[in-house]
Amino acid sequence: MRASQKDFENAMNQVKLLKKDPGNEVKLKLYALFKQATEGPCNMPKPGVFDFVNKAKWDAWNALGSLPKETARHNYVDLVSSLSSSLESSSQVEPGADKKSTGYETLMMTLEDGITKIVFNRPTKKNAINTKMYDEIMRALKAASKDDSSLTVLTGNGDYYSSGNDLTNFTDIPPGGVEEKAKNSAILLREFVDCFIDFPKPLIAAVNGPAVGISVTLLGLFDAVFASDRATFHTPFSHLGQTPEGCSSYTFPKIMGPAKATEMLVFGKKLTAREACTNGLVTEVFPDSTFQKEVWTRLKAFAKLPPNAMRISKEVMRNSEKEKLHAVNAEECSVLQGRWLSDECLNAVSNFLSRKARL
Ligand SMILES: CCCC/C=C/CC(=O)SCCNC(=O)CCNC(=O)[C@H](O)C(C)(C)COP(=O)(O)OP(=O)(O)OC[C@H]1O[C@@H](n2cnc3c(N)ncnc32)[C@H](O)[C@@H]1OP(=O)(O)O
């Protein structure tokens, strides 16, 4: 049976009442079907390459070709009806996830048993790091460096550790245009990585699942990395028209040798947790089924060690490198500032946002 104009109007109202965000992919489908149903085939000029959001919308509408208005209206009503039932009943996210807690919007932070735990908390976005999250991680690290804990642990909520830089960060273009955006991003990145270089206490990553991009490169600045055997380590910089950050251009060749570092940072080879452990990036791998229990037993034992001895040992081991790391960070950010303006990068980001590419 075909959907009537009344069904279509009801569906439009139902969309506004959805309690959960259906995600960009579905929103693009809804947009395209709505435009096709009301205006027919795409009749707008194609937006420019920098106009990510409108280009993604245009691509979605244009992809419907000459689909008749009635069919588009019917498909729109069907899609909304399937969303209303599935989204209202599904609950893939852990309690507390994606909610404001303890003064942070994108993190959870606790201090217990001498351990400050910072949890990336955007599980529905695979813990992608958006601008707010960069700011909050810096704030959390500054607080952790001064609190009563002896060590600090970073981990992720949900199935991912983190999918790295949130690629929608690139869509928020300031009045000064993409050049200003690239400049501001380089400043933010430099300040962000500096916080890891300067962190004074033992810093440990509990990598609970796949890690991508900057969430991988930073691991070279951690003091221990414990990984679930479900975790993977992926730095697809060339695929994204980008270049290494997080001091990885220096730490990775040092940790694993230039050949293995090149496989990861230049050719984008994705490592399993065991491969990352063999290469020296990961301290130890645990079966996913016992990961939390084993890691936290280990961490609680570490936290009972004399905190000053641990802090000073870290200082002795790392201080001679600090100046070099700050210089590497500055150079990587400056190179990236240029890459973010390149066609290679802009096209890769645009493809991700239009759902044409998956890594
Ligand atoms: C300013 C400082 C800049 C520092 C620069 C750092 C460089 C990097 O970090 S480069 C690495 C950037 N990350 C990526 O390229 C990963 C992109 N994401 C993916 O390829 C896939 O999402 C995935 C392989 C991580 C997961 O795929 P899967 O099919 O399992 O799940 P999805 O449906 O794709 O994801 C769910 C949901 O989450 C959104 N999302 C995931 N990762 C990102 C991301 N990095 N940026 C923005 N959004 C992300 C994804 O779009 C989905 O959202 P919707 O439900 O709204 O569609």
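As the structure lists them, so they are numbered: ligands from 1, and atoms in each ligand from 1. Side-chain atoms are counted along with the backbone in the values below, which use heavy atoms only and exclude waters and symmetry mates.
- Close N/O approach between S185 and ligand 1 is not found [any backbone or side-chain N/O within under 3.5 Å].
- K322 has its side chain within reach of D198: a pair of non-hydrogen atoms, C-beta onward, lies under 4.5 Å apart.
- Heavy-atom proximity to G164, at under 4.0 Å, picks out these atoms of ligand 1: 9 (O).
- Across F237, W340, F352, heavy-atom proximity to atom 22 (O) of ligand 1 is greatest for F352.
- Salt-bridge formation is not detected for the pair R73/E70: no Lys NZ or Arg NE/NH1/NH2 atom is positioned less than 4.0 Å from an Asp or Glu carboxylate oxygen.
- Under a 4.0 angstrom heavy-atom cut-off, D166 registers as being in contact with ligand 1.
- Between Y134 and ligand 1 there is a heavy-atom distance shorter than 4.0 Å.
- Of the listed options K125, K126, K27, K181, K126 places a heavy atom closest to atom 28 (P) of ligand 1.
- Counting heavy atoms from C-beta outward, Y104 and N121 have side chains that stay 4.5 Å or more apart.
- At a heavy-atom distance under 4.0 Å, only side-chain atoms of A128, from C-beta outward, approach ligand 1.
- Assignment of T124 to the shell around ligand 1 is supported, since a heavy atom sits closer than 4.0 Å.
- Using a 4.0 Å cut-off between charged nitrogen and carboxylate oxygen, K126 and D159 count as a salt-bridge pair.
- Looking at ligand 1, you'll find an N or O of I214 within less than 3.5 Å of one of its N or O atoms.
- The shortest side-chain heavy-atom distance between L299 and F302 falls under the 4.5 Å cut-off.
- A salt bridge links E321 and K254; the closest N-O separation between the charged side-chain nitrogens and carboxylate oxygens is under 4.0 Å.
- Within the 4.5 Å cutoff, no side-chain heavy atoms of Y160 are placed close to those of K125.
- Checked by distance only, ligand 1 and L188 stay at 3.5 Å or farther apart across all their nitrogen or oxygen atoms.
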